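Take a look at the structure below.
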Amino acid sequence: MDLAAVAAELYARPPGAFTAARNDRVKQLRREGHRELAQRVARLAKPSVSAWAVNALAVGRTGALGDLVSLGAQLREAQEALDSARLRALSKDRTQLLPDAVAAARAAAGEAGVAVSDAAAAEIEQTLRAAMGDEQASRAVQSGLLVRALEGNGLEPVDLSGAVAVPEVLGGPSVPRGGPTQAGGRLAGTSNGDTGRRDSTVRTDNGERSQDAGGRRRTQDAKRKAEEERRRAAQLRREERAEAEADRDEAAQALDEAQAELAGTERDAADAAARARRLADELEGLRARITELEEDLAAAQREAAAAERARGLAARLVERELRAVTKAQERLAALG
């Protein structure tokens, strides 16, 4: 199991369910002994609604996105060839395909119960436009692992720092080699005429101008490296923040679970105490009843003993009187 597979599983879930699912996955990985992978999963950032909708488009509606990506590649080729007729034709196709792709993304989100606001829809369109004008941005959009919306101005490479959950899936640097050029191959901020003059300057035998051009390139390289360092630092800060948020969410979830368990044990303890009180009351009542029954038994035994004595006296009296009657009968018989 690798990070990309886990990320694909998590980013397929709606944004509202992402954090809990990520924290559960982190716990599972830790239990299974994958602590390093668990740490990387914990740093995965929750996607914005617009980024998630583009991910849904990439995963579930590949046809709409594929058409747009293919059109973007053709547009870049036409720009490089400076084919104005083809650019006009392809631009018409873009006018039709781009709104269709945005609508498909909104529909995919709606099927998952995720509402896409007009502002989020604008970010979806902005992201898809960026993907059409930049090859790396196109790869990012097709990865299904976007974390935030993309933005491109057609003059510089699209900033992908912190935009893809697992940058390794892009298969290359986030900034294309060759510096900030337009998709048509011109230097950022230059026109076709400027490009021609610049090319002629490079080809000239004038050493001073060649040296100036080299100095400008070195300056541009230094600026680009500084920008890359800034982006890497920003990415690191975002990852650290995401990890801190994941730890906070996990701790909050653990606290909720502990509080729920405490509440359950308190209820159990209260129920047990109430039952103990009821049994004690019942026992006290039984003891009182036993005492009462013992007293009744003693009285009954005394009455039984007195009755037995009375019976004995009565029996002796009957016997005595019987003897007296017998004697009287005998005497009477003797008198004839």
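Quick note: numbers below take in every heavy atom, side chains included, and nothing from hydrogens, waters or symmetry partners. For clarity, every value in this text was computed on a predicted model and none was experimentally measured.
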Distance-only donor-acceptor pairs under 3.5 Å for side chains of residues 102-123, two or more places apart:
residue, atom, partner, partner atom, Å
Arg106, NH2, Val116, O, 2.7
Glu111, OE1, Arg61, NH2, 3.3
Glu111, OE2, Arg61, NH2, 2.5
Ser117, OG, Ala120, N, 3.2
Glu123, OE1, Ser50, OG, 2.7

Show the atom names and distances, to 0.1 Å, of all donor-acceptor pairs under 3.5 Å that link a side chain in residues 275-294 to residues at least two apart or in another chain.
residue, atom, partner, partner atom, Å
Arg289, NH1, Glu292, OE1, 3.4
Arg289, NH1, Glu292, OE2, 3.3
Thr291, OG1, Arg287, O, 3.0

Determine all donor-acceptor pairs shorter than 3.5 Å in which one atom belongs to a side chain in residues 304-328; sequence neighbours excluded.
residue, atom, partner, partner atom, Å
Glu308, OE2, Arg311, NE, 3.3
Glu308, OE2, Arg311, NH2, 2.8
Glu319, OE2, Arg323, NH1, 3.3
Thr326, OG1, Leu322, O, 2.8

Residues 83-90, side-chain donor-acceptor partners within the protein, below 3.5 Å, at least two apart:
residue, atom, partner, partner atom, Å
Asp83, OD1, Ala85, N, 3.4
Asp83, OD1, Arg86, N, 3.1

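With no hydrogens or angles considered, no side-chain donor-acceptor pair links Gln126 and Arg129 at under 3.5 Å.
Nearest heavy-atom pair, Thr19 versus Lys46, reported as atom, atom and distance to 0.1 Å: OG1-CD, 4.1 Å. Residue Ala140 comes nearest to Leu160 through the heavy atom pair CB-CD2, 4.2 Å, listed as atom of the first residue, atom of the second, then distance. Taking both residues in full, the closest heavy atoms of Ala4 and Val169 are given as CB-CG1, 3.9 Å, listed atom of the first, atom of the second, then distance. Taking all atoms of both residues into account, the shortest heavy-atom contact from Ala53 to Ile124 is CB-CD1, 3.6 Å. When all heavy atoms are compared, the tightest approach of Pro47 to Pro15 is O-CB, 4.1 Å. A pairwise comparison of heavy atoms in Ser161 and Arg148 identifies O-NH2, 2.8 Å as the closest pair.
Using a 4.5 Å heavy-atom threshold, the side chains of Leu29 and Arg35 count as separate. Using a 4.5 Å heavy-atom cutoff, the side chains of Leu44 and Val147 are not in contact. Between Leu68 and Val141 the shortest side-chain heavy-atom distance does not fall below 4.5 Å. Between Gln39 and Arg43 the shortest side-chain heavy-atom distance falls below 4.5 Å. Here the side chains of Tyr11 and Trp52 are not in contact, with every heavy-atom distance at 4.5 Å or above.
Put simply, the residue from Val54, Val59, Val164, Val166 that forms a side chain to side chain contact (heavy atoms under 4.5 Å, CB included) with Ser143 is Val164.
Every residue meeting the salt bridge (charged side-chain N to carboxylate O under 4.0 Å, His left out) condition with Glu9, not counting sequence neighbours, appears here in chain and number order: Arg25. Contacts of Ala130 classified as side chain to side chain contact (heavy atoms under 4.5 Å, CB included), with partners at least two apart in sequence or in another chain: Leu150, Val158.
The backbone N or O of Leu170 sits less than 3.5 Å from a side-chain atom of Arg139, completing a donor-acceptor pair.
Ion pairing between a basic and an acidic side chain is recognised when a charged N comes within 4.0 Å of a carboxylate O; Arg76 and Glu80 show no such pairing.
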